[in-house]
Every structure is written in C-alpha cells, then in structure tokens.
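The block underneath contains the structure these notes are about, expressed in structure tokens.
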Amino acid sequence: QAVQALEHVEHGHLDAAQTANVAKLIDGAVNNMIANCKLQPDADAALHGLLAKFLVGANAARSGKDIPVALADMQGALKRYPLLFDDPAWNTVAD
C-alpha cells in the first residue's frame with residue numbers, strides 16, 4: 001500500500017509531510033520483516049535483497065530525489081517476491 005501511495009508523489013498529489021509518512025510506513029514494514037524473519041539462509045538472503053529496494057525507496061521518498069527510479073525498483077521487488085517465495089498469505093495489490 002505504501003508503494004502505491006508513492007505513485008501519487010509522481011503526480012504531485014502528496015506533500016512533503018505525506019511523503020515522509022509513507023517513508024515511515026515503508027521503514028516500519030521492512031523493520032518488522034527483518035525483526036521477525038525466520039528463514040533459512042538462502043531464503044533470508046533473497047528476502048533481504050528485496051527489502052533493500054524498499055529501504056532505498058524510503059530514503060528517496062524522504063529526500064525527494066530519484067523517487068521514480070526507487071518506485072520502479074520497489075514495484076519490481078513486489079513482482080519478484082512471489083517468484084522467489086511460495087507464500088500462501090501473499091496478496092499483492094501491485095499487479
């Protein structure tokens with residue numbers, strides 16, 4: 001949902017405070033996943049590779065720089081996740 005919210009930044013629909021709040025949502029979600037990660041080493045590495053895209057995206061949102069590139073990278077990570085993981089709880093809204 002936070003990634004979708006950043007799409008509005010590209011259209012000028014979010015101000016700086018709203019964009020910073022979206023960055024906080026992304027950070028919170030990533031930090032929660034890292035704190036609760038109980039995967040085998042190979043799967044853990046794959047997940048952390050995806051999560052890095054979201055941390056970069058949150059930083060871009062905070063700085064207001066390179067948001068389109070970061071947004072595309074996060075959207076790519078969302079699409080890649082179900083290719084790497086068989087997660088029955090996965091429900092993507094990015095499609």
Side-chain angles (χ1 to χ4, degrees):
Q1 292 171 335
V3 172
Q4 283 185 322
L6 280 184
E7 292 174 10
H8 294 282
V9 173
E10 288 189 303
H11 303 293
H13 298 152
L14 296 180
D15 63 25
Q18 291 168 317
T19 304
N21 285 334
V22 172
K24 286 181 190 177
L25 289 173
I26 294 169
D27 286 334
V30 169
N31 289 333
N32 183 50
M33 286 182 251
I34 290 171
N36 294 297
C37 187
K38 295 178 180 21
L39 296 173
Q40 295 297 319
D42 288 346
D44 184 67
L47 180 62
H48 285 249
L50 296 178
L51 294 179
K53 304 281 187 192
F54 296 98
L55 293 175
V56 170
N59 285 331
R62 266 189 291 285
S63 72
K65 297 179 183 174
D66 300 322
I67 292 174
V69 171
L71 180 59
D73 286 346
M74 289 186 290
Q75 290 167 331
L78 288 172
K79 288 180 180 172
R80 185 144 170 73
Y81 177 85
L83 301 175
L84 296 172
F85 298 96
D86 181 17
D87 182 351
W90 177 250
N91 179 15
T92 181
V93 290
D95 289 340

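Just so you know, residue 1 is the first one in the sequence shown, and it goes up from there.
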State, to 0.1 Å, how close R62 and K24 come at their nearest heavy-atom pair, and which atoms those are. NH1-N, 4.4 Å

Yes or no on side chain to side chain contact (heavy atoms under 4.5 Å, CB included) for L47 and L39, after CA distance, side-chain angles and deciding distance? CA-CA 9 Å; L47 180 62; L39 296 173; 3.8 Å; yes

Atom CD of Q4 and atom CG of L71: how far apart are they, to the nearest 0.5 Å? 10.0 Å

Would you find more than 12 non-hydrogen atoms of other residues, nucleotides or ligands less than 6.0 Å from N36 atom CG? yes

Can you tell me how far apart CG (L51) and CZ (F54) are? Round to the nearest 0.5 Å. 7.0 Å

Which pair of non-hydrogen atoms, one from A60 and one from I67, has the smallest distance, and what is that distance? O-CG1, 3.6 Å

Give the minimum heavy-atom separation between D44 and C37, together with the two atoms involved. OD1-SG, 2.9 Å

Can you tell me how far apart NE2 (H8) and CG (L14) are? Round to the nearest 0.5 Å. 7.0 Å

Are L55 and I26 linked, directly or through intermediate hydrophobic residues, by side-chain heavy-atom contacts shorter than 4.5 Å (ILVMFWY only)? yes

How about H48 and I34: do any of their side-chain heavy atoms sit closer than 4.5 Å? yes

For P82 and L78, work out which heavy atoms get closest and say how close. CD-O, 3.2 Å

For a 4.5 angstrom cut-off between non-hydrogen side-chain atoms, does V9 reach V22? no

Enclosure of D42 CG (heavy-atom neighbours >12, cutoff 6.0 Å): no

Given side chain to side chain contact (heavy atoms under 4.5 Å, CB included), test Q75 with E7 step by step and report yes or no. CA-CA 10 Å; Q75 290 167 331; E7 292 174 10; 2.8 Å; yes

Run the side chain to side chain contact (heavy atoms under 4.5 Å, CB included) test on M33 and L50 for me, step by step, so that the C-alpha distance in whole Å, both residues' side-chain angles and the decisive distance to 0.1 Å come before the verdict. CA-CA 11 Å; M33 286 182 251; L50 296 178; over 6 Å; no

Between W90 and F85, is the ring centroid distance below 6.0 Å? no

G57 to L6 - nearest heavy-atom pair and separation: O-CD1, 4.5 Å

